[in-house]
Novice: 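Got a structure for you, written out below as structure tokens; questions coming shortly.
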2 protein chains.
Amino acid sequence: MSAYKMISIPEAQDIVLSLTQPLGAVTVGLADALGRVLAEDVKAPDSLPPFPASIKDGYAVVASDGVGEFPVIGESRAGRLDDLPVRPGTVAYITTGAPVPPGADAVVQVEDTEAVQPAGGAAGERRVRINKAAKPGQDIRPVGSDITEGDLVLRAGEVVGVAEVGILATVGAVQLAVHAAPKVAVLSTGDEVVDPATRPLGQGQIRDANRAMLLAAAARAGAQVVDLGVARDAVGQLEGCLAAAIEQRADVLITSGGVSMGDRDLVKPLLERQGTIHFGRVRMKPGKPLTFATLSIAEQGGRQMMVFGLPGNPVSSFVCFNLVVLPALRKLAGWQRPELRRVAACLTSDIRLDPERPEYHRATLVWSCEPPPGTAAAATHGSSQEAAAVEGEKGLAGFQFWAVSTGNQISSRLLSARSANALLEIPCDSGVLRAGSVVSALLIDDLGLMPVPEGGVPMTPGF
Amino acid sequence: MSAYKMISIPEAQDIVLSLTQPLGAVTVGLADALGRVLAEDVKAPDSLPPFPASIKDGYAVVASDGVGEFPVIGESRAGRLDDLPVRPGTVAYITTGAPVPPGADAVVQVEDTEAVQPAGGAAGERRVRINKAAKPGQDIRPVGSDITEGDLVLRAGEVVGVAEVGILATVGAVQLAVHAAPKVAVLSTGDEVVDPATRPLGQGQIRDANRAMLLAAAARAGAQVVDLGVARDAVGQLEGCLAAAIEQRADVLITSGGVSMGDRDLVKPLLERQGTIHFGRVRMKPGKPLTFATLSIAEQGGRQMMVFGLPGNPVSSFVCFNLVVLPALRKLAGWQRPELRRVAACLTSDIRLDPERPEYHRATLVWSCEPPPGTAAAATHGSSQEAAAVEGEKGLAGFQFWAVSTGNQISSRLLSARSANALLEIPCDSGVLRAGSVVSALLIDDLGLMPVPEGGVPMTPGF
Ligand SMILES: [Mg+2]
Ligand SMILES: [Mg+2]
């Protein structure tokens with residue numbers, strides 16, 4: 001029997017996050033900021049626009065002049081401003097984004113004007129007819145109307161996305177304090193585990209799926225990754241790999257395999273000798289032997305290294321990474337809300353419940369008005385034509401997430417994670433949860449890639 | 001007046017995608033496969049498991065032997081198998097994942113057995129008591145039960161995610177045919193536009209937000225990016241930059257600025273001289289002057305370069321990138337469904353309609369049971385306590401996407417894209433669309449980062 005108390009995943013997540021502290025700040029250039037988390041507030045050093053700016057191509061005028069014919073006494077183009085005040089009775093040509101010259105207090109768009117042939121005037125004198133009187137301030141963005149000098153434009157703790165990169169450039173923030181990216185070492189274990197390039201397989205061998213997968217998952221989470229290879233089921237080898245992770249100053253070591261009840265499952269005993277195991281058994285399917293330890297590295301100033309001992313079955317490894325490791329990596333990287341996001345989804349097929357453990361069932365969410373074709377729910381939901389007729393009536397409001405199971409959920413079958421964008425939280429119970437039931441779903445992939453339902457999703461009425 | 005016919009965004013998207021062909025295949029190693037699109041089906045060269053594998057730590061037995069005491073004649077550990085058949089009346093020790101030895105047809109987990117002290121037997125002879133009879137096949141994964149040799153495990157056109165990396169490793173696919181990543185050159189234009197590092201700004205200057213933002217957006221889409229800097233509003237400079245994009249063999253050139261009606265808006269005339277403009281005006285807010293052209297590069301074998309002329313206002317640029325450029329980049333990269341995904345969301349505040357153009361309103365979607373606090377809808381939706389009581393009754397089914405506007409939507413205000421994960425499709429009309437209305441929303445960021453509602457989202461009942 002295992003010496004470890006069985007805890008729940010929410011308990012495991014709490015333990016891990018309570019022992020995780022955001023990494024310190026480093027400075028990066030703007031080109032490397034995407035996906036990082038700001039370690040400091042960002043303020044605007046100047047106002048935007050820094051000058052009263054025209055919203056249109058047209059003429060800068062004195063509004064009280066109203067309609068009539070006026071001499072064009074100069075030009076204000078974006079980046080090139082004639083040094084002329086606009087006096088009553090005169091106008092200046094102006095382009096979109098250009099500074100409104102002193103004296104002018106409105107812009108009249110070119111569509112509301114007419115060029116006038118100079119009639120006996122000085123050679124080259126330009127005149128224009130203003131056909132529509134302007135209100136003061138018309139088509140002018142006042143100084144600071146988008147951003148005022150000193151404004152806090154981005155807060156510490158915000159994740160830098162595409163728009164945020166633009167905002168940082170706008171305020172001249174080209175060197176940024178962001179949280180350091182965690183350094184993550186990944187190790188597979190097992191005498192049977194061989195490099196993916198191995199072909200044909202020898203007797204009793206299987207290819208190492210976990211290492212490539214976990215390296216990809218950690219990299220996608222923004223970590224700096226270190227590949228520690230495969231350790232045989234031998235104490236010395238495992239110790240050597242743990243030492244390598246320390247030597248490389250990894251913040252996190254992720255191992256897979258070696259945490260079950262077999263007499264060559266050596267990961268837990270090693271972590272017990274060298275650190276503190278905080279849990280070694282979790283009530284979940286898949287993933288029961290999930291193990292978490294911290295090591296205090298005396299020879300490196302007592303710094304902490306976190307170790308996640310994931311089960312060897314690739315699906316267990318995948319699910320445990322998402323549920324427990326990923327939130328920790330996000331918190332290290334500075335995320336303020338590192339947990340997986342939860343939505344509701346409707347089952348498209350019956351799910352047999354497990355009487356012993358709650359299940360994290362891999363599924364693909366689809367935003368649709370009806371269950372996707374080919375699912376059990378589709379069969380009972382009426383024909384596609386009928387549903388389409390109903391959809392026409394219900395419009396957008398009839399749409400919701402439908403969860404399509406990825407099929408056989410045995411923990412060795414990694415195809416059950418193919419195209420999965422969610423983990424359904426399926427309660428521990430006897431019997432069956434019926435198609436059409438609403439369950440909670442944790443998002444594990446970008447829904448920007450989710451399948452598109454037949455016929456698409458309608459737009460806002462009238463769009 | 002513009003010479004270009006005004007078209008809608010769906011029309012613009014159709015034109016762009018009809019002129020976009022997926023790039024050819026290149027070979028990448030497994031470590032570089034994440035996010036790429038497979039150009040070939042991937043088949044399994046062998047079965048998984050490749051041998052009948054134990055699901056438990058325990059004893060491999062002959063099921064018909066039933067309960068009783070048996071000699072342990074050998075061991076099968078993962079990766080190390082004694083060369084012994086299991087004959088009736090004998091058992092072998094076995095660990096999880098290890099091959100079931102010939103002769104055995106079931107596994108009895110260690111929990112259903114008892115070690116027996118050898119009573120006068122040969123020194124070192126091991127015996128075990130089997131306490132529970134096994135059914136044939138029990139706790140054995142048959143050969144090929146996860147993957148059968150020759151199975152198509154991933155299809156051409158699938159995007160390689162984290163799980164797919166693991167699947168590829170499992171089947172030994174360490175060199176992969178994937179679609180080439182598009183090469184994207186980014187150029188800003190404008191006499192007023194200066195490098196983001198400029199501090200303080202000179203008269204009439206603004207910092208270049210678009211280039212850093214578009215480079216980040218293209219990189220996030222998986223493109224290889226080339227920074228072409230800023231071109232002044234001068235024909236020669238623009239021509240030089242276009243030549244540089246060609247010289248670099250960019251598949252796509254993205255420019256910003258220079259597409260309005262001003263007399264120094266030089267991008268459209270240049271593209272007309274050197275290629276074909278497919279559209280130059282789109283009925284949308286923001287983004288009206290959006291321009292798309294293709295160039296056939298004679299000196300490079302007639303290859304096509306796509307040019308997107310985005311408006312200079314950073315929000316217009318951001319919105320046009322998402323709506324029109326991103327789907328093109330995805331199609332070039334091999335995506336089979338390159339369009340933005342659409343969901344429905346409930347407005348949390350009134351939106352004033354634009355009588356001239358449909359609007360792509362930036363918003364942050366939140367999965368919640370009630371409108372987020374501080375929004376107009378929250379004020380009319382009853383107190384949080386009441387709502388919480390209602391939520392308790394409604395459970396998961398009361399949850400939906402609420403859309404929180406990012407505020408003032410003027411196209412110069414890039415803060416309106418801060419934290420936006422969706423573009424709401426707001427129809428062109430007079431009046432106001434009320435809080436509580438359901439609108440369509442295009443996803444432009446990973447919902448894995450969306451705000452978490454107060455009190456969170458409940459789990460499946462009983463979980
Ligand atoms: Mg093992
Ligand atoms: Mg310009």
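So that the names make sense, note that chain A is the first sequence line, chain B the second, and so on, each numbered from 1.
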Novice: Check the orientation of A:W367 and B:F401. Use parallel for under 30°, tilted for 30 to 60°, and perpendicular for over 60°.
Specialist: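 A:W367 and B:F401: tilted rings.
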Novice: Let me know if B:Q175 has heavy atoms under 4.5 Å from chain A in its side chain, its backbone, both or neither.
Specialist: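 Looking at B:Q175, nothing touches chain A.
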Novice: Quick check on the interface: out of A:V110, A:V171, A:I94, who has the most heavy-atom pairs with chain B under 4.5 Å?
Specialist: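 Greatest number of close heavy-atom pairs with chain B: A:V171.
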Novice: Do B:I426 and A:T460 have side chains that get closer than 4.5 Å, going by heavy atoms?
Specialist: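 Counting from C-beta outward, B:I426 and A:T460 never come under 4.5 Å.
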Novice: If we define contacts as heavy-atom pairs under 4.5 Å, which of B:P99, B:A212, B:P451, B:S145 has the most with chain A?
Specialist: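 It is B:A212.
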Novice: Please look at B:L30 and chain A and tell me whether the side chain, the backbone, both or neither of the residue comes under 4.5 angstrom of a heavy atom of that chain.
Specialist: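 B:L30 touches chain A through side-chain heavy atoms alone.
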Novice: Can you tell me which portion of B:P10 sits under 4.5 Å from chain A's heavy atoms? Options are side chain, backbone, both or neither.
Specialist: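 Side chain only.
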Novice: Side chain from CB out, backbone as N, CA, C, O: work out which of these in B:R141 comes under 4.5 Å of a heavy atom of chain A, or both, or neither.
Specialist: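 Interface part for B:R141: side chain.
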Novice: Indicate yes or no: at least one non-hydrogen side-chain atom of B:L415 is less than 4.5 angstrom from one of A:V153.
Specialist: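 Sidechains of A:V153 and B:L415: in contact.
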Novice: To the nearest 0.5 Å, what is the distance between CD1 on A:I206 and CZ on B:F51?
Specialist: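 If I round to the nearest 0.5 Å, the distance is 6.0 Å.
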Novice: What part of B:L215 gets closer than 4.5 Å to chain A, counting heavy atoms only: side chain, backbone, both or neither?
Specialist: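 Answer is neither: B:L215 stays 4.5 Å or more from chain A.
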Novice: So which of B:Q336, B:R413, B:R264, B:R232 has the biggest tally of heavy-atom pairs under 4.5 Å with chain A?
Specialist: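 Highest number of pairs under 4.5 Å: B:R264.
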Novice: Go through the atoms of B:N408 and report whether side chain, backbone, both or neither lie under 4.5 Å from a heavy atom of chain A.
Specialist: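 Neither part.
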Novice: With a 4.5 angstrom heavy-atom cut-off, is it the side chain or the backbone of B:R418 that approaches chain A, or both, or neither?
Specialist: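 For B:R418, backbone and side chain are both near chain A.
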Novice: Heavy-atom pairs under 4.5 Å with chain A - which of B:Q400, B:E192, B:E359, B:R342 has more of them than the others?
Specialist: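 Result: the option with the highest number of such pairs is B:R342.
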Novice: Which value, rounded to the nearest 0.5 Å, describes the distance between A:L443 atom CG and B:M450 atom CE?
Specialist: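 That separation rounds to 5.5 Å.
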Novice: Side chain, backbone, both or neither: which part of B:L154 has a non-hydrogen atom closer than 4.5 Å to chain A?
Specialist: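 Looking at B:L154, backbone and side chain both touch chain A.
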Novice: By a 4.5 Å heavy-atom criterion (distance strictly below it), what part of B:A217 contacts chain A: side chain, backbone, both, or neither?
Specialist: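 B:A217 touches chain A through backbone and side-chain heavy atoms alike.
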Novice: B:S419 versus chain A, heavy atoms under 4.5 Å apart: side chain, backbone, both or neither?
Specialist: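 Interface part for B:S419: both.
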Novice: Using non-hydrogen atoms only, which part of B:D57 is less than 4.5 Å away from chain A: side chain, backbone, both, or neither?
Specialist: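 Side chain only.
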